[in-house]
Amino acid sequence: MRIDIMTLFPDIVGDMLCESVLGRGQERGYIRVECHQIRDYSENKQKQVDDYPYGGGRGCVMLAQPLYKCWQHICADAGRQIHTIFMSPCGHVFTQADAKRLQGEYDRLIIVCGRYEGVDERFIEECVDEELSIGDFVLTGGEIPAMAVADAVCRLVPGVLPDEECFIDESHWDGALEYPQYTRPEVWNGRHVPEILLSGHHENIKKWRRIQSLERTRDRRPDMYEKLKLN
């Protein structure tokens with residue numbers, strides 16, 4: 001899978017996504033993340049990428065043309081139009097189901113990072129396939145949301161993580177939160193690891209973890225718990 005990220009801060013985004021698990025995934029050729037400086041596609045000497053909004057108001061809006069030229073360059077390199085995502089507080093809230101869908105349905109994505117007061121709506125109408133948000137709050141730009149989406153999608157690509165079990169037991173995979181985890185030592189600050197985890201009885205451990213997962217979901221995310229289909 002390849003993800004192209006359009007941003008005014010490519011070094012920050014690129015450095016973050018080249019570390020740890022995703023960095024190893026790129027080194028091994030399972031994924032590729034490319035960042036594109038939107039300012040390089042500005043049509044004036046000042047490399048301007050924003051201007052005052054029509055109708056008045058505070059702040060500036062990102063110009064459609066530099067965004068469009070950057071988007072065209074990426075699509076031309078691919079030889080086809082790519083599924084384009086714009087990170088926006090107005091978008092659908094991104095979930096693990098979306099991560100599965102994007103990884104399963106597309107082998108190449110463009111993620112557009114807005115700044116200032118947003119981007120010219122005409123670019124969205126012309127080029128964007130879907131808008132995504134990472135929550136009901138506003139950040140100074142789309143870079144953090146773009147990195148979150150790229151991370152969530154890329155880690156599902158076969159080969160990036162050692163085994164499928166690395167993510168199928170995690171929170172949100174099947175609509176529930178993950179069970180609590182423990183490691184050495186057995187006693188820390190007077191707190192003991194649950195005895196069941198030391199028993200070596202794998203079936204009982206599996207049942208205990210399922211119960212913990214359901215109880216944690218019920219207590220912390222009743223909205224998710226209500227949607228679970230329990231036998």
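Numbers here are sequence positions counted from 1.
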Heavy-atom count around Lys69 NZ within 6.0 Å, excluding the residue itself: above 12?
yes

Is the count of non-hydrogen atoms from other residues, nucleotides or ligands lying under 6.0 Å from Asp77 atom CG greater than 12?
yes

Looking only at the side chains, is there a donor atom on one of Glu143 and Thr7 sitting less than 3.5 Å from an acceptor on the other?
yes

Test item: Arg216 and Pro180 side chains (from C-beta on) under 4.5 Å apart, heavy atoms
yes

Per the salt bridge (Lys or Arg N to Asp or Glu O under 4.0 Å) rule, which among Arg210, Lys229, Lys227 passes with Asp174?
Arg210

Residue among Ile12, Leu22, Ile3, Ile31 satisfying side-chain contact (heavy atoms from CB on, under 4.5 Å) with Leu17
Leu22

So with a 6.0 Å cut-off around CD of Gln48, is the heavy-atom count from everything else above 12?
yes

Would a distance-only check, ignoring hydrogens and angles, find a side-chain to backbone donor-acceptor pair under 3.5 Å from Thr84 to Ile110?
no

Identify each donor-acceptor pair in which a side-chain atom of residues 50-68 lies under 3.5 Å from a protein atom, sequence neighbours left out, and give them as a table.
unit_1	atom_1	unit_2	atom_2	d
Gln65	NE2	Glu43	OE2	3.3
Tyr68	OH	Gln72	NE2	3.0

Give the ring-plane orientation class for Tyr106 versus His83, where under 30° counts as parallel, over 60° as perpendicular and anything between as tilted.
parallel

When you look at NZ of Lys206, are more than 12 heavy atoms from neighbouring residues, nucleotides or ligands closer to it than 6.0 Å?
no

In terms of side-chain geometry, is the basic nitrogen of Lys100 or Asp98 positioned less than 4.0 Å from the acidic oxygen of its partner?
no

